[in-house]
Enquirer: 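Mind looking over this structure? Questions follow.
These values consider heavy atoms only, across backbone and side chains, with no hydrogens, waters or symmetry-generated copies.
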Amino acid sequence: MSRPNPVVWHPLSLDLPQARLAGEMAGEGKRLLLCLHGYLQVKEMWRVVFSEIPEGWQILTVDLPLFGKTEWHDQRKPLDKHFLDAFWQELQDRFPDKQIYLMGFSMGGKLAMCMQLRSPKPVPHVVLIAPDGIKSNFLHRVAMFSSWGKAVFRFFLGKPNFVLGLAQRVHQIGWIDSFLLRFVRINVSTSEQRNRISAFMHMYGGLRLRFTEISRYTQKHQNRWLILWGAKDTALPASQAPYFVEQVPHSQHYILPEGHMILEDNPTGVMELLQKHFFAAESAH
């Protein structure tokens, strides 16, 4: 592997009809890796992973709508396929000579899969880290995607003390773990938090991903996938890996010992896998 370039991050913005995306870039090269963060995160989260950048690569990170410094022009309109198409158009206009790759963590992993399906041309290699959008915790699926689950979720948001007490009790009997209990606490304890998660569900709740489409797409275009899982992840568990392997050819899977927040808990381990199975593999092509 060539010696990495020193990391200097440069701010930029991507102007779409729906939003002005705040971003930053580092590195130089013909290969551009777009990194998409998870829920309650911002673009700077990727800096802990990219303390060094391989030669020949640029890293582009953005604040997704509702997070960081990104401006969403009409809060009444949710994120949809028109946003994804406009995102791709802006990327092509700004970086016409670059080969674009995708990487996403958690919610950003689901968005990366949706972007792959809307791409004007196949993305040759996609990296997913503890991705949403395949299978997930039962309560997560019900609250996000079923109509009755959304109605129940909104009802309980109006009763925060009951929700917090219930979460504590089911945690004590082992029905949810500490990660999910903390998730409840940081999303329903204050009115600001409840408004935030309501806005999130409105913005992203309609972004449905039919996983069979990913399978058919990959079989047609022969693009490659690298997926990293956390062994202790209870929200988006590593038990999904065999399902992904069965449904999607040309995919590599690696399980790290951490939980869901593997980027924060083990950035060195994540980067070692990226260097070996993504950057080196693509640079060899």
Side-chain angles (χ1 to χ4, degrees), residues 1-2 4 27 29 31-38 46 48-50 52-61 99-117 119 121-136 209-285:
M1 200 73 181
S2 300
R31 294 181 173 91
L32 174 66
L33 177 60
L34 171 63
C35 300
L36 307 172
H37 63 74
W46 293 104
V48 70
V49 177
F50 293 108
E52 295 180 329
I53 297 176
E55 186 175 351
W57 286 85
Q58 279 192 307
I59 307 301
L60 170 61
T61 68
Q99 173 63 64
I100 297 175
Y101 299 80
L102 298 170
M103 180 161 68
F105 167 68
S106 194
M107 171 193 83
K110 178 182 178 180
L111 189 58
M113 287 188 278
C114 291
M115 288 192 67
Q116 169 72 293
L117 294 176
S119 173
K121 60 180 181 180
V123 177
H125 208 154
V126 181
V127 181
L128 306 176
I129 303 174
D132 189 8
I134 305 171
K135 292 182 177 180
S136 59
L209 175 68
R210 293 179 176 86
F211 194 67
T212 53
E213 294 182 36
I214 292 290
S215 179
R216 290 195 298 268
Y217 186 96
T218 302
Q219 291 177 20
K220 178 179 179 180
H221 297 290
Q222 304 293 297
N223 61 303
R224 298 173 299 284
W225 300 80
L226 172 63
I227 306 97
L228 309 182
W229 310 90
K232 298 177 183 178
D233 190 343
T234 54
L236 301 169
S239 58
Q240 302 175 82
Y243 177 78
F244 200 110
V245 171
E246 178 184 345
Q247 296 293 321
V248 179
H250 311 294
S251 58
Q252 291 181 289
H253 299 254
Y254 297 91
I255 299 178
L256 288 89
E258 289 75 25
H260 185 63
M261 306 304 291
I262 53 178
L263 283 173
E264 296 180 6
D265 296 337
N266 191 4
T268 301
V270 169
M271 190 58 180
E272 288 176 353
L273 289 170
L274 291 176
Q275 290 276 23
K276 182 177 180 180
H277 300 289
F278 176 71
F279 291 115
E282 286 306 310
S283 297
H285 273 71

Enquirer: About how many Å separate CG of Leu128 and CZ of Phe244, when rounded to the nearest 0.5 Å?
Expert: 5.5 Å
Enquirer: Taking the six-membered ring for Trp, are Phe50 and Phe279 parallel (under 30°), tilted (30 to 60°) or perpendicular (over 60°)?
Expert: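 Rings of Phe50 and Phe279: perpendicular, over 60°.
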Enquirer: Under the side chain to side chain contact (heavy atoms under 4.5 Å, CB included) test against Pro124, which residue among Gln99, Gln222, His221 passes?
Expert: Gln99
Enquirer: Which atom pair, heavy atoms only, marks the closest approach of Gly104 to Trp46?
Expert: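 Closest pair (atom of Gly104, atom of Trp46, distance): C-CH2, 4.5 Å.
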Enquirer: Taking the side chain from Ser119 and the backbone from Lys121, do they hold a donor-acceptor pair closer than 3.5 Å?
Expert: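 The answer is yes, because a donor-acceptor pair under 3.5 Å joins these two groups.
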Enquirer: Just how far is it from atom CE of Met115 to atom CD1 of Ile100, taken to the nearest 0.5 Å?
Expert: 8.0 Å
Enquirer: If you compare all heavy atoms of Cys35 against all heavy atoms of Ile59, which two are closest, and at what distance to 0.1 Å?
Expert: SG-CG2, 3.8 Å
Enquirer: Going by heavy atoms in the side chains, are Ser239 and Trp229 under 4.5 Å from each other?
Expert: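 Answer no - side chains too far apart.
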Enquirer: Verify whether one side chain among Thr61 and His37 offers a donor that lies under 3.5 Å from an acceptor in the other.
Expert: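 Judged by distance alone, the side chains do not pair up.
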Enquirer: Would you say that Leu256 contacts Asp265 through its side chain, given a criterion of any heavy-atom pair below 4.5 Å between the two side chains?
Expert: no
Enquirer: Taking the six-membered ring for Trp, are His260 and Phe105 parallel (under 30°), tilted (30 to 60°) or perpendicular (over 60°)?
Expert: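 Aromatic pair His260/Phe105 classed tilted.
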Enquirer: For Ala238 and Gly230, work out which heavy atoms get closest and say how close.
Expert: CB-O, 3.8 Å
Enquirer: Locate the shortest heavy-atom distance separating Leu236 from Ala130; write the atom from each residue and the value.
Expert: CD1-O, 3.3 Å
Enquirer: Would Glu264 and Glu258 satisfy side chain to side chain contact (heavy atoms under 4.5 Å, CB included), going step by step from the backbone distance to the final call?
Expert: CA-CA 10 Å; Glu264 296 180 6; Glu258 289 75 25; over 6 Å; no
Enquirer: Which distance, rounded to the nearest 0.5 Å, do you find between the CG of Leu226 and the NZ of Lys276?
Expert: 11.5 Å
Enquirer: Check whether any side-chain heavy atom of Pro54 lies under 4.5 Å from a side-chain heavy atom of Met271, and answer yes or no.
Expert: yes
Enquirer: When rounded to the nearest 0.5 angstrom, what distance separates CG in Leu33 from NE2 in His125?
Expert: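 Going from the CG atom of Leu33 to the NE2 atom of His125 covers 10.5 Å.
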Enquirer: Within the distance-only criterion (no hydrogens, no angle test), does the side chain of Gln116 pair as donor or acceptor with the backbone N or O of Ile214 below 3.5 angstrom?
Expert: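 Looks like no, no N/O pair under 3.5 Å.
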Enquirer: Could you tell me which non-hydrogen atom of Ser251 sits nearest to which non-hydrogen atom of Ile227, and how far apart they are?
Expert: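 For Ser251 versus Ile227, the nearest heavy atoms are CB-CD1, 3.9 Å.
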Enquirer: What are the two closest non-hydrogen atoms of Val270 and Val49, and how far apart are they?
Expert: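 The answer is CG1-CG1, 4.4 Å.
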Enquirer: Among side-chain atoms of Thr268 and Glu272, is any donor-acceptor pair under 3.5 angstrom?
Expert: no
Enquirer: Less than 4.5 Å apart, any side-chain heavy atom of Pro131 and any of Lys110?
Expert: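 Sidechains of Lys110 and Pro131: no contact.
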Enquirer: Looking at Glu282, is its backbone amide N or carbonyl O close enough to the side chain of Arg31 to form a donor-acceptor pair, meaning the two atoms are under 3.5 Å apart?
Expert: yes
Enquirer: Would you please classify the geometry between the Phe278 ring and the Trp57 ring as parallel, tilted or perpendicular, with 30° and 60° separating the classes?
Expert: tilted
Enquirer: To the closest 0.5 Å, what do you measure between NZ (Lys232) and CD1 (Ile262)?
Expert: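 Reported to 0.5 Å precision, the distance equals 13.0 Å.
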Enquirer: Could you go through Met103 and Tyr101, starting from their C-alpha distance and side-chain angles, then the distance that decides it, and tell me whether this counts as side chain to side chain contact (heavy atoms under 4.5 Å, CB included)?
Expert: CA-CA 7 Å; Met103 180 161 68; Tyr101 299 80; over 6 Å; no
Enquirer: I want to check something: taking the side chain as every heavy atom from C-beta on, are Glu213 and Met113 in contact at a cut-off of under 4.5 Å?
Expert: no
Enquirer: Would you compute the distance between atom CG of Leu117 and atom CZ of Arg216 and round it to the nearest 0.5 angstrom?
Expert: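 Answer for the CG-CZ pair, Leu117 versus Arg216, is 9.5 Å.
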